[in-house]
4 protein chains.
Amino acid sequence: MKTKDRILDIARTMIAEIGYHGTTTAALAKRAGISEGTIYRHFENKEDILLHILQDLDDKYSAFLQTLRSARDGDHGTIERILQGHVQFSMDNLADLKIVLSSYALLSPSKQSMTTVIERMHEFFSECMRRSMEMGVIREVEVDPTAKTLVALLLGVMQLKVYWPDMDGDFDPQAVLFVRRSLVPEA
Amino acid sequence: MKTKDRILDIARTMIAEIGYHGTTTAALAKRAGISEGTIYRHFENKEDILLHILQDLDDKYSAFLQTLRSARDGDHGTIERILQGHVQFSMDNLADLKIVLSSYALLSPSKQSMTTVIERMHEFFSECMRRSMEMGVIREVEVDPTAKTLVALLLGVMQLKVYWPDMDGDFDPQAVLFVRRSLVPEA
Amino acid sequence: MKTKDRILDIARTMIAEIGYHGTTTAALAKRAGISEGTIYRHFENKEDILLHILQDLDDKYSAFLQTLRSARDGDHGTIERILQGHVQFSMDNLADLKIVLSSYALLSPSKQSMTTVIERMHEFFSECMRRSMEMGVIREVEVDPTAKTLVALLLGVMQLKVYWPDMDGDFDPQAVLFVRRSLVPEA
Amino acid sequence: MKTKDRILDIARTMIAEIGYHGTTTAALAKRAGISEGTIYRHFENKEDILLHILQDLDDKYSAFLQTLRSARDGDHGTIERILQGHVQFSMDNLADLKIVLSSYALLSPSKQSMTTVIERMHEFFSECMRRSMEMGVIREVEVDPTAKTLVALLLGVMQLKVYWPDMDGDFDPQAVLFVRRSLVPEA
DNA sequence: CATGAATGAGCATTCATTCAT
DNA sequence: CATGAATGAATGCTCATTCAT
């Protein structure tokens, strides 16, 4: 692996574990087996490392949304696939998620990144719901605030799964059911 | 106001704004109009200030739950009142909430505090749902994972309202409706 | 006991245990059951407390020398009594001794105090030896440097006894014998 | 000279002059012509500097004892050479000696270091005396307490020479004579 | 590309001393 | 005489960043 990628990799792990402020350049260099100065050969400064990590996550999420879009078939199962897909995506990118969730309140690049994710998520959900409503597979609801509700739910689920894994107990199938009962009219 | 309370007050504001690590004792003292040494006459160390803030929040949440408990009357409106109450409580204690939400991932006292809140919230929701189910005002659902879903939703709603107030657009009435559709059988 | 004396008493104990710098006015006040401000009602500053302790030791040593002077009878046993007396005096005033021994190198009042003690000890030993030589009970030796040697020996013995009590093993009778062999001609 | 050695050198001087607590990292850095942070590139913390100084002294004393051991020839002059050698060693390592003497009562690393020195000194003296007694060049005395007496004497002599150089007046030849009279039988 | 010594501003914390009550 | 809250300068230590090699 290239030095730059090793730095990013170690940084991802460390920031996820002990936070952005807790991750010192000295410790990062040591754990990556390089000298402290080398970090500055590849990144402008410490924040730049975070920016790269956030950009990577952004790209991964874009690709993920693309996959979801192409895979949808518009039936009433769509909503489930979307929710489960997002949970799966969270688990697949745990470290990145931890980084964003633990820092968006305090670091503006993280806040910016999280804002983008949330906006795209909201847009995607809105779009899906509008389509499904047109096809008559879900109830007639107010799209915008309902999409926000779904975003909120997903945000909360991720956090519960990330930070209280002990409590989890695999409650997400029931969360999906919860959403289905609210959106899909009974047969 | 007593010096100790002034310190707590300013600290609450500052930590909510710029985080625990961003809040330096020097800046805190300056903004409180006292000398740095005075802080240590009232608190053991910087973390002790955080502990006091968290304890205060804990007490306020306990009192809030007590109010909710005594006010419930078991009809199908209960669930709405609980959700709206929690949203209201969040808005009334915005600074404290920001502090917990922005630090529970990294500071163990905050994590501990948040864990307690979540557990109590979960327990309270479970209890309410069980009661409502017995009275036949909500559907028969699996209590535990559904309560977790509600906790997750609330956690997400709070964050959206706290950190993306611009996006909010007062979506919480629709969030309540979302929950009602999922839990309350149609007339 | 008067407040002033209680402060002095606690201070003596604390400085002997943890040194002058280690003894904070806050801890001293707490242990003496008074407020920090009260200390400054009785003493000009922290150093003033030390000065009082040193003065007390000075007085006690003066009185001790007076006793020795009046008790001496000039026979060859005198030197033993003087040495043993000094060791005894050290043990009786352990706290004060620890204070002086641990601080004379760094605090000028202590250095001054120690200087006075050493000079008086030297003078006293010289005087005794001169007398004993006149009476023919000890060998003819050079008084001044021999008295210094005795002072040095005593200084060392005190330290060994104070700081390495485990090692001691009651070696002072042999130390006295060591001196006797050097000074008293064999029968 | 390497930066690390310069720091050690200046620290030795400063600690000898104004004590360990009196020597601040800021003053040390300034006097060494480096920044404060540089100190921590070479030493873990302030105590670590002291530890290095003590270790150096330990090594020097070990080497010194080795020299003494190889140079002894067992005649009745041995004891003189040992005493004079120790006095000389003290003068050659005045700063280190001052550091140990001024801090062993309060700092545990210093205490530990001093304890080691005293034990080795005691052991070495005992060994020499036993040898000399076997060769019949000194009197039959109780080895252990007499060795302690010599240690005490040496400890006291060092202090007098280090802290009261004005008073000294080169009394150590007479101190050696004092010991010789006590240990070596008259011809 | 890589190094690692050096920097210096910044941090939490301590403590002798003061002073209004 | 006594209090105890307040002070503020000082301390040991950290850490992102620079730069000569």
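Quick note: numbers below take in every heavy atom, side chains included, and nothing from hydrogens, waters or symmetry partners. Numbers restart at 1 for each chain; the letters A, B, ... are given by sequence-line order, proteins then strands.
- Ile39(D) comes within 4.0 angstrom of nothing in the nucleic acid, heavy atoms only.
- Residue His21(A) places no side-chain N or O under 4.0 Å from the OP1 or OP2 atom of dC15(F).
- Distance CG (Asp5(B)) to C1' (dA5(F)): 15 Å, rounded to an integer number of Å.
- Salt-bridge check for Asp92(B) with Lys60(B): failed, with every basic side-chain N at 4.0 Å or more from each acidic carboxylate O.
- Ranked by how close their nearest DNA chain E nucleotide is to the 5' end, Thr23(C) and Thr23(B) are led by Thr23(B).
- When the P atom of dT17(E) is taken as reference, atom CD1 of Ile49(C) falls 9 Å away, rounded to whole Å.
- Note: Asp5(A) CG to Arg12(A) CZ = 8.5 Å, rounded to the nearest 0.5 Å.
- For dC1(F), the OP1/OP2 oxygens have no side-chain nitrogen or oxygen of Arg41(C) closer than 4.0 Å.
- Between Asp58(C) and Arg120(C) there is a salt bridge, with a side-chain nitrogen of the basic residue lying less than 4.0 Å from a carboxylate oxygen of the acidic one.
- When distances are taken from the side chain of Thr24(C) to each of dA16(E), dA12(E), dT7(E), the shortest belongs to dA16(E).
- Nearest to the side chain of Glu36(A), among dA16(F), dA16(E), dC1(F), sits dA16(F).
- One interatomic measurement links the two molecules: CD1 of Ile18(A) to C1' of dT14(F), which rounds to 14 Å at whole-angstrom precision.
- As rounded to whole Å, 15 Å separates atom C1' of dA2(F) from atom NZ of Lys2(C).
- The partner of dT7(E) is dA16(F), by the rule that a Watson-Crick or G-U pair needs both atom distances under 3.5 Å.
- Side-chain N/O atoms of Ser113(A) and Ser110(A) include no donor and acceptor closer than 3.5 Å.
- The shortest side-chain heavy-atom distance between Tyr163(D) and Met114(C) does not fall under the 4.5 Å cut-off.
- If you find the closest nucleotide of DNA chain F to Thr3(B) and to Thr25(D), the one lying nearer the 5' end belongs to Thr3(B).
- Along DNA chain E, the nucleotide closest to Gly33(D) and the one closest to Asn45(C) are compared, and the more 5′ of them pairs with Gly33(D).
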### Task
Verify salt bridge (Lys or Arg N to Asp or Glu O under 4.0 Å) between Arg31(C) and Glu17(C), making sure each step is shown before the conclusion.
CA-CA 14 Å; Arg31(C) 209 158 136 181; Glu17(C) 276 171 7; 3.7 Å; yes
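- For Lys30(D) and dG12(F), the NZ to C1' distance is 18 Å, given to the nearest whole Å.
- Rounded to an integer number of Å, the gap from CD1 of Ile34(C) to P of dT17(E) is 14 Å.
- Separating the CG atom of Leu28(B) from the C1' atom of dG10(E) is a distance of 16 Å, rounded to the nearest angstrom.
- In this model, the phosphate group of dT14(F) is not approached by any side-chain N or O of Tyr40(D) to a distance below 4.0 Å at OP1 or OP2.
- Using a 4.0 Å cut-off, no side-chain N or O of Ser35(A) falls inside it from OP1 or OP2 of dG4(E).
- Here Thr38(C) lies in heavy-atom contact (under 4.0 Å) with a base.
- Remark on DNA chain F: of its neighbouring residues Gly37(A) and His42(C), the 5'-side contact belongs to His42(C), judged by nearest-heavy-atom nucleotide.
- For Lys4(D) and dA6(E), the NZ to C1' distance is 16 Å, given to the nearest whole Å.
- Under the Watson-Crick and G-U wobble criteria, each requiring two contacts below 3.5 Å, nucleotide dC1(E) is left unpaired.
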